[in-house]
> 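Provided herewith is a single structure, encoded as structure tokens, for subsequent inquiry.
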Amino acid sequence: MFGIRRRATTRLSAALLVAGLTAGAAVATVGTAAAEDGHNPAGGVTATLDGLSVYGDAVLEGKKISAGLFQMKVEGGGTLQSYCIDAHTPTVSEARYQEVSWDQSSLHDNSDAGRIHWILKNSYPQVQDLNKLAQAAGIQGDFTEKDAAAGTQVAIWRYSDHVKAQALDAEAEQLADYLEKAAQDVAEPTASLSLSTAAVSGKAGEKLGPVTVSTNAASVSVTAAGEGVKVVDASGNPVTTAANGTELYLDVPASAAAGTAQVSLEASLDLSVGRAFTGIGVKTQTQILAGSSKSNVKASFTATWGEKEHTGPVLAAEAVKNCSKGGLDIKVTNSGDEAGEVTIGGKKHTVAAGQDLTVTYPVKEDTAYSVQVSGPNGLDETFTGILDCRTAEESTGGSTGSEQPTSQPSAAGGHDDTTGGTAGDDLAATGGSSATPVIAGIAVALVAAGGITIFFLRKRKTT
């Protein structure tokens with residue numbers, strides 16, 4: 001194939017070296033790609049799992065486990081408390097999570113999601129008065145925070161996973177029974193900060209948009225990163241702050257060359273109890289918000305434009321997880337005056353002028369995806385992430401790594417803050433975090449193999 005042996009060996013060494021460098025680069029960029037998980041226009045909070053805070057013991061389908069309250073650190077400032085809504089999936093130590101709507105989580109087809117919301121609003125830690133909570137549940141014995149957290153988690157599991165769960169402490173079990181029976185259907189809470197779209201397009205000299213803001217913050221700061229462009233309202237007035245219902249546009253000067261800009265929004269607020277959180281770039285236990293301090297929330301959208309006199313398609317793409325259809329909804333908008341042919345995951349589609357096209361790209365549950373979208377005039381996007389739309393029992397047909405033998409309870413719920421437990425002590429170190437050293441080792445070995453081959457080739461030539 002290569003003509004002579006020396007040339008073949010040289011190419012082999014180069015291939016090995018490139019493979020090693022590529023693998024090393026993949027390791028280095030995993031975090032960056034994961035942060036793009038789904039390009040979720042919902043925005044909101046990104047947080048890191050910090051460990052278990054308050055917990056007790058429970059039995060889940062015959063296995064002894066821990067049950068209680070988690071804590072997460074918000075990126076940019078703030079602390080969250082949460083419960084598990086995916087009992088059979090283990091947590092990944094220091095996993096990053098993103099705030100999502102119910103329809104982008106395992107609650108998307110759960111008719112009892114509203115009852116879980118009621119439990120969260122009417123139990124610990126939203127109800128800090130343990131005497132009041134015990135009285136409501138008819139508890140007579142010694143009732144502690146551990147009991148309150150364990151009982152709440154057990155009641156949630158009965159609705160989130162529809163499993164047979166029981167708290168080992170009598171008072172915690174009484175609370176779980178009370179919450180399960182008293183629960184009522186409560187509507188999904190509003191997002192901390194979300195946008196109607198993550199991508200807009202148009203021509204220079206136009207206002208690109210609108211993008212509608214949804215938030216429960218009193219005020220949200222708005223900034224645009226791009227030379228000469230500014231964010232305005234429908235009347236063309238400059239906008240630096242927004243509130244719920246505000247419509248934003250990007251005003252691009254008529255003289256501007258074709259380009260892109262990003263508009264960023266940020267606020268600090270208390271999140272609504274009941275918001276769902278899924279892992280970013282890793283399969284980890286889905287969480288639901290039980291409490292929040294003032295926390296930093298962010299959202300952004302991208303604007304793409306062509307020159308004023310430009311003829312042809314002007315395209316922008318965005319992607320959102322669609323749990324109902326088991327895939328990724330990829331939307332391409334064409335604000336130009338000609339149709340554009342785009343390639344989505346290897347398949348070609350045509351987007352008419354002034355129209356948009358949405359394609360649902362199928363993704364297997366719990367599987368990492370990478371979908372490339374390309375088209376004329378510089379459209380080149382790659383959407384990556386992991387589809388996590390069902391509980392482990394739904395997706396595998398049986399229980400998985402969250403459960404442990406009775407003598408070694410797993411960290412499925414919480415930890416007593418008086419004992420000083422940490423994520424390293426209590427969380428199962430599974431998923432993507434354990435694979436990284438292996439990938440890095442392979443990369444190093446490949447680089448070394450390529451280097452050794454080149455060394456011997458040079459030595460042979462000198463001789």
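On a predicted model such as this, the values are computed, not experimentally measured, just so you know.
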> Under 3.5 Å, is there a donor-acceptor pair between the side chain of Gln98 and the main chain of Ile280?
no

> Is it the case that Thr358 and Asp329 place a side-chain donor and acceptor less than 3.5 Å from each other?
no

> Do you know which two heavy atoms are closest between Leu208 and Val252, and how far apart they sit?
CD1-CG2, 4.1 Å

> Under the 3.5 angstrom rule, does the side chain of Thr360 hit a backbone N or O of Gly327 as a donor-acceptor pair?
no

> Would you say that Lys283 contacts Asp388 through its side chain, given a criterion of any heavy-atom pair below 4.5 Å between the two side chains?
yes

> Under 4.5 Å between any side-chain heavy atoms of Trp102 and Gln104, yes or no?
no

> Looking at Gly68, is its backbone amide N or carbonyl O close enough to the side chain of Tyr83 to form a donor-acceptor pair, meaning the two atoms are under 3.5 Å apart?
no

> Can you give me the closest heavy-atom contact between Ala319 and Ile330, atom names plus distance?
CB-CG1, 4.1 Å

> Applying salt bridge (Lys or Arg N to Asp or Glu O under 4.0 Å) as the test, list every pair that has at least one member in residues 181-205; sequence neighbours left out.
Glu188-Arg275, Lys203-Asp337

> Would you say the side-chain atoms of Asn377 pair up with the backbone N or O of Pro313, donor to acceptor, closer than 3.5 Å?
yes

> Nearest 0.5 Å please: distance from the CG atom of Asn216 over to the CG atom of Asn244.
8.0 Å

> Under 3.5 Å, is there a donor-acceptor pair between the Tyr97 and Thr284 side chains?
yes

> With no hydrogens and no angle check, just 3.5 Å: does a side-chain donor-acceptor pair link Thr197 and Glu318?
yes

> Kindly indicate, with the supporting measurements, whether the criterion side chain to side chain contact (heavy atoms under 4.5 Å, CB included) is fulfilled by Glu99 and Leu271.
CA-CA 10 Å; Glu99 177 188 356; Leu271 275 69; 4.0 Å; yes

> Would you find a donor on one side and an acceptor on the other, under 3.5 Å apart, between the side chain of Gln153 and the backbone of Cys84?
yes

> Which heavy atom of Ile386 sits nearest a heavy atom of Ala368, and at what distance?
CG1-CA, 3.8 Å

> So does Glu75 pair up with Arg96, basic N to acidic O under 4.0 Å?
yes

> Any side-chain heavy-atom pair from Asp50 and Lys73 closer than 4.5 angstrom?
yes

> Using only atom types and a distance under 3.5 Å, with no angle test, would you say the side chain of Ser295 pairs donor to acceptor with the backbone of Gly78?
no

> Any chance you could measure Ser221, atom OG, to Leu265, atom CG, to the nearest 0.5 Å?
7.0 Å

> Any heavy-atom pair between the side chains of Ser268 and Asn296 that's under 4.5 Å?
no

> Does a donor on one side chain sit under 3.5 Å from an acceptor on the other, for Asp380 and Gln372?
yes

> In Å and rounded to the nearest 0.5 Å, what is the CG to CG distance from Asn334 to Asp356?
9.5 Å

> I'd like to know if the side chain of Ser123 reaches the main chain of Leu120, judged simply by a donor and an acceptor atom lying under 3.5 Å from each other, with no hydrogens or angles considered.
no

> For Gln135, is the CD atom crowded, meaning more than 12 foreign heavy atoms sit under 6.0 Å from it?
no

> Looking at Gln285 and Ala87, what are the two nearest heavy atoms and their distance?
NE2-O, 4.3 Å

> Please tell me whether Asn322 and His108 have a donor and an acceptor in their side chains that are separated by less than 3.5 angstrom.
no

> Go through the steps to decide whether Leu328 and Val320 satisfy the test side chain to side chain contact (heavy atoms under 4.5 Å, CB included), and finish with yes or no.
CA-CA 6 Å; Leu328 201 64; Val320 180; over 6 Å; no

> Determine, step by step, whether Val163 and Leu60 satisfy the side chain to side chain contact (heavy atoms under 4.5 Å, CB included) criterion, reporting the C-alpha distance in whole Å, the side-chain angles of both residues, the deciding distance to 0.1 Å, and the verdict.
CA-CA 7 Å; Val163 292; Leu60 179 67; 3.2 Å; yes

> So, do His349 and Val351 sit near enough that their side-chain heavy atoms are less than 4.5 Å apart?
no

> Answer yes or no: is there a donor N or O on one side and an acceptor on the other, between the side chain of Thr144 and the main chain of Asp147, under 3.5 Å?
yes

> Any idea which heavy atoms bring Met72 and Leu49 closest together, and the distance?
CG-CD1, 3.7 Å

> Please report the shortest heavy-atom distance between Ala267 and Val220, naming the atom on each side.
CB-CG2, 4.0 Å

> Within the 4.5 Å heavy-atom criterion, are Tyr249 and Val263 side-chain neighbours or not?
no

> With heavy-atom distances below 4.5 Å as the criterion, would you say the side chains of Val92 and Pro90 are in contact?
no

> How many angstroms lie between CD1 in Ile119 and OH in Tyr178, if you round to the nearest 0.5 Å?
10.0 Å

> Using a 4.5 Å cut-off on heavy atoms from C-beta on, say whether the side chain of Asp233 contacts that of Glu247.
no

> Can a salt bridge be assigned to the pair Asp251 and Lys207 using a cut-off of 4.0 Å between side-chain N and carboxylate O?
no

> Considering only residues two or more places apart or on different chains, which pairs with a residue in residues 288-350 satisfy disulfide (SG to SG under 2.5 Å)?
Cys323-Cys389

> Looking at Leu269, Val273, Leu80, which hits side-chain contact (heavy atoms from CB on, under 4.5 Å) with Ser292?
Leu80

> Is a side-chain N or O of Glu365 found less than 3.5 angstrom from the main chain of Arg390, in a donor-acceptor match?
yes

> Are the side chain of Asp86 and the backbone of Ser106 linked by a donor-acceptor contact shorter than 3.5 Å?
no

> Nearest 0.5 Å, please: how far is NZ in Lys348 from CD in Glu341?
5.0 Å

> Determine whether Val239 and Leu248 satisfy the following criterion, side chain to side chain contact (heavy atoms under 4.5 Å, CB included), listing intermediate values before the conclusion.
CA-CA 8 Å; Val239 173; Leu248 302 176; 3.8 Å; yes

> Output the distance between atom CG (Leu250) and atom CH2 (Trp305), rounded to the nearest 0.5 Å.
6.0 Å

> Salt bridge or not between Arg158 and Asp177? Use side-chain N to carboxylate O under 4.0 Å.
yes

